[in-house]
2 protein chains.
Amino acid sequence: MLPTLRQLEYVVAVAETGQFVEAARRCAVSQPALSRQVREVEELPGVRLFARARPRVLLTPVGAEVVGRASGLLAQARELVEVAAASAGARQGTVRLGVIPTIAPYGLPGLLAKLRGLFPEVGFAIHELQTHVLLDHLRAGTVDLGLLARPFDDHGLQGRDLVVEPFVLVAPATHPLGVPEAIRAADVAGASLLLMDDGHCLRDQAIDVCAVAGAPPATLVSAASVSTLVRMVESGLGPTLLPASALAAELRPGQGLVARSFLDAQPGRTLTLQWRTTSPYGAWFEGIGTVLGEHYLDLDAAMPEVAGPRPRIRMLEP
Amino acid sequence: MLPTLRQLEYVVAVAETGQFVEAARRCAVSQPALSRQVREVEELPGVRLFARARPRVLLTPVGAEVVGRASGLLAQARELVEVAAASAGARQGTVRLGVIPTIAPYGLPGLLAKLRGLFPEVGFAIHELQTHVLLDHLRAGTVDLGLLARPFDDHGLQGRDLVVEPFVLVAPATHPLGVPEAIRAADVAGASLLLMDDGHCLRDQAIDVCAVAGAPPATLVSAASVSTLVRMVESGLGPTLLPASALAAELRPGQGLVARSFLDAQPGRTLTLQWRTTSPYGAWFEGIGTVLGEHYLDLDAAMPEVAGPRPRIRMLEP
DNA sequence: GGTGTCGATACCTTGGAGGTATGGGCGATG
DNA sequence: CATCGCCCATACCTCCAAGGTATCGACACC
């Protein structure tokens with residue numbers, strides 16, 4: 001179906017030397033062997049490539065066309081092995097992975113172990129950055145790969161949406177919203193939720209959930225990390241929304257906290273892995289996305305019990 | 001030294017399916033056979049292309065790079081055989097060959113026979129055109145290949161200089177220059193040579209020969225073809241310069257003509273084969289140039305006796 | 001814990017690529 | 001004009017490497 005690269009080498013050699021014997025010498029094979037391979041290349045499409053014009057052979061028009069393409073192919077093939085050999089053995093570079101702070105503490109630890117196992121020759125550097133900073137670094141090329149939550153401005157980037165993780169309401173047991181009763185998104189409208197500091201996308205997402213029902217939450221205090229946020233809830237300052245992947249790490253028994261999932265269309269956020277459209281490692285990053293997606297299945301399985309329907313971290317198909 | 005195209009197919013199939021078994025099915029080989037070939041591609045440069053991550057295999061960074069290049073190679077290879085197969089059997093197009101009038105009657109007949117023998121599947125259309133018209137057609141693409149004499153403006157063209165053919169003085173036996181005596185270029189300076197019509201490069205070349213010695217020839221009559229020119233010389237109107245390749249056809253015994261070569265640095269003209277730099281058939285045209293050069297060796301051998309040193313049509317190396 | 005799937009390994013088989021010997025055609029040479 | 005020599009094609013043989021079958025080990029899912 002396809003000619004061999006070696007056969008193409010023979011054809012090019014004949015074209016360049018104008019002789020079968022000389023070409024055979026150059027290719028370090030016997031002349032009959034070369035003749036036979038050349039003939040096969042001619043027979044495959046049923047075309048004469050060479051005009052046997054003593055005392056030399058000349059190219060036919062198709063021959064010229066084929067030889068031109070063939071030498072291009074050979075050059076690219078040689079480049080391929082060269083590029084591959086260049087990155088043999090040695091460290092195959094370091095990938096700078098940017099992660100937003102509301103994902104990093106929960107998504108990363110297990111993931112990095114998996115990645116190191118799969119790609120031992122690659123280094124991974126982690127940068128914890130807020131969404132807009134992460135996007136700047138991604139576009140500037142100081143970060144290669146970004147793990148963040150939608151929505152964001154994705155021009156110049158491409159990637160793969162991994163999972164939708166639902167939000168879970170976390171409230172002090174003493175809080176009105178803490179009473180064990182079914183809740184809906186509308187129930188948190190106007191509630192005085194504790195929020196992340198300005199600049200964290202989780203803050204905007206929480207506000208969004210409330211805004212859906214009309215009223216943005218009025219709040220006075222804010223936290224710089226999810227962990228702090230939970231401590232504040234623990235202190236009875238008010239309820240908050242947590243992404244499901246944070247529950248296992250942040251909820252401990254005997255904290256006086258109630259976690260409750262939503263009954264209706266569960267609010268949630270989409271986590272996505274992004275890279276520059278121009279990145280040469282797109283195909284590889286796709287694979288990392290797959291690993292990440294599976295990693296979130298593990299996180300889903302490790303999720304603690306909450307009141308209401310069990311929140312599901314839902315995989316998205318590529 | 002180089003991977004097989006088939007091996008690259010296997011690698012690409014594994015990358016696309018993410019499975020060895022599925023890839024083997026797609027390639028219509030057994031799974032162990034495919035595994036082995038993939039391993040060889042990995043061993044050649046000493047690189048891991050795939051991370052065996054159950055339940056699928058993932059690309060490594062080098063793997064992604066290699067697979068990208070490999071699929072490009074495969075696409076080009078398929079295109080190569082497709083292009084070749086498309087021009088199989090059927091007529092492989094027609095080459096429009098432009099020739100200047102002072103070459104055509106002498107250079108062409110034998111050449112066409114040779115070309116038809118070498119390239120039976122190609123048609124040759126001949127266009128007899130003066131240099132400047134020929135150049136216009138060449139650049140416009142209405143002529144593919146031009147056979148002409150230097151000098152000319154060759155921008156946008158490339159080609160191969162074939163031969164230098166000397167000029168020979170042809171004079172009536174009764175003419176002063178017809179006396180059997182050694183002549184030099186200086187002897188024709190100021191001579192009243194018969195010339196071709198304006199527009200024929202042979203006219204300019206003859207004038208050049210005279211101008212070298214200082215004085216352009218003063219002449220009153222001119223001819224539209226070399227044949228007419230010789231008839232005029234025969235009528236005693238004066239001498240002229242002929243290119244050596246025309247002698248065999250134009251000089252017959254008993255015409256009362258004397259042909260005489262030059263003693264010193266023989267004046268002559270360089271014949272060249274030209275085509276557009278953008279032509280995809282450059283490599284083929286080179287071959288046609290070779291055939292043409294050899295054809296001129298035949299013409300040289302067929303040259304009749306002339307007074308003075310035997311004029312030599314001299315081959316130029318490519 | 002049984003079962004199924006996937007990739008790796010071991011061993012055998014065979015087709016095709018390569019080598020040697022030889023033939024035919026053309027050009028060069030004396 | 002006969003001979004030689006060069007170049008490409010053909011014929012036949014050899015052998016390696018690509019492919020197939022059988023099997024194993026690992027992991028996932030019942």
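Just so it is clear, the structure is predicted and the values come from calculations on it, not from any experiment. Convention: sequence-line order gives letters A, B, ...; per-chain numbering from 1.
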Review point. Counting N and O atoms only, with roles assigned by atom type, does the side chain of B:Glu42 sit under 3.5 Å from a partner on the main chain of B:Phe50, one being a donor and the other an acceptor?
Key: yes

Check your understanding: Side chain of A:Thr4, backbone of A:Arg6: donor and acceptor closer than 3.5 Å?
Key -> no

**Study point:** C:dA8 OP1/OP2 closer than 4.0 Å to side-chain N/O of B:Arg52
**Key:** yes

Study note, to complete from the structure: DNA chain D: first to last nucleotide in contact with chain B (atom under 4.0 angstrom from a heavy atom), 5' to 3', is D:dA18 to D:dC27

Study note, to complete from the structure: Per-nucleotide protein contact along nucleotides 16-21 of chain C, 5' to 3', at a 4.0 Å heavy-atom cut-off (B base, S sugar-phosphate only, - neither), is -BSBBB

Practice item. Would you kindly say whether A:Tyr106 and A:Glu250 are connected by a side-chain donor-acceptor distance under 3.5 Å? Key: yes

Exercise for review: Determine the interplanar angle of the A:Phe124 and A:Phe119 rings, folded into 0 to 90°, and report it as parallel if under 30°, tilted if 30 to 60°, perpendicular if over 60°.
Suggested key: tilted

Point to revise | Exam field: side chain B:Thr17 to backbone B:Glu22, donor-acceptor pair closer than 3.5 Å | key: no

**Study point:** SB check A:Arg314 A:Glu165 (cutoff 4.0 Å)
**Key:** no

Check your understanding: Under a 4.0 Å N-O cut-off, is there an ion pair linking B:Arg36 with B:Glu43?
Key -> no

Review point. When you check every protein heavy atom under 4.0 Å of nucleotides 23-30 of chain C, what one-letter string (B, S, -) results, 5' to 3'?
Key: -BBS----

Review point. Are A:Thr272 and A:Asp161 linked by a side-chain donor-acceptor pair shorter than 3.5 Å?
Key: yes

Study note, to complete from the structure: B:Phe50 CZ to C:dC6 C1', in whole Å, measures 15 Å

Check your understanding: Under the 3.5 angstrom rule, does the side chain of A:Asp144 hit a backbone N or O of A:Val95 as a donor-acceptor pair?
Key -> no

Review point. Is it true that the side chains of B:Thr290 and B:Glu286 contain a donor and an acceptor less than 3.5 Å apart?
Key: no

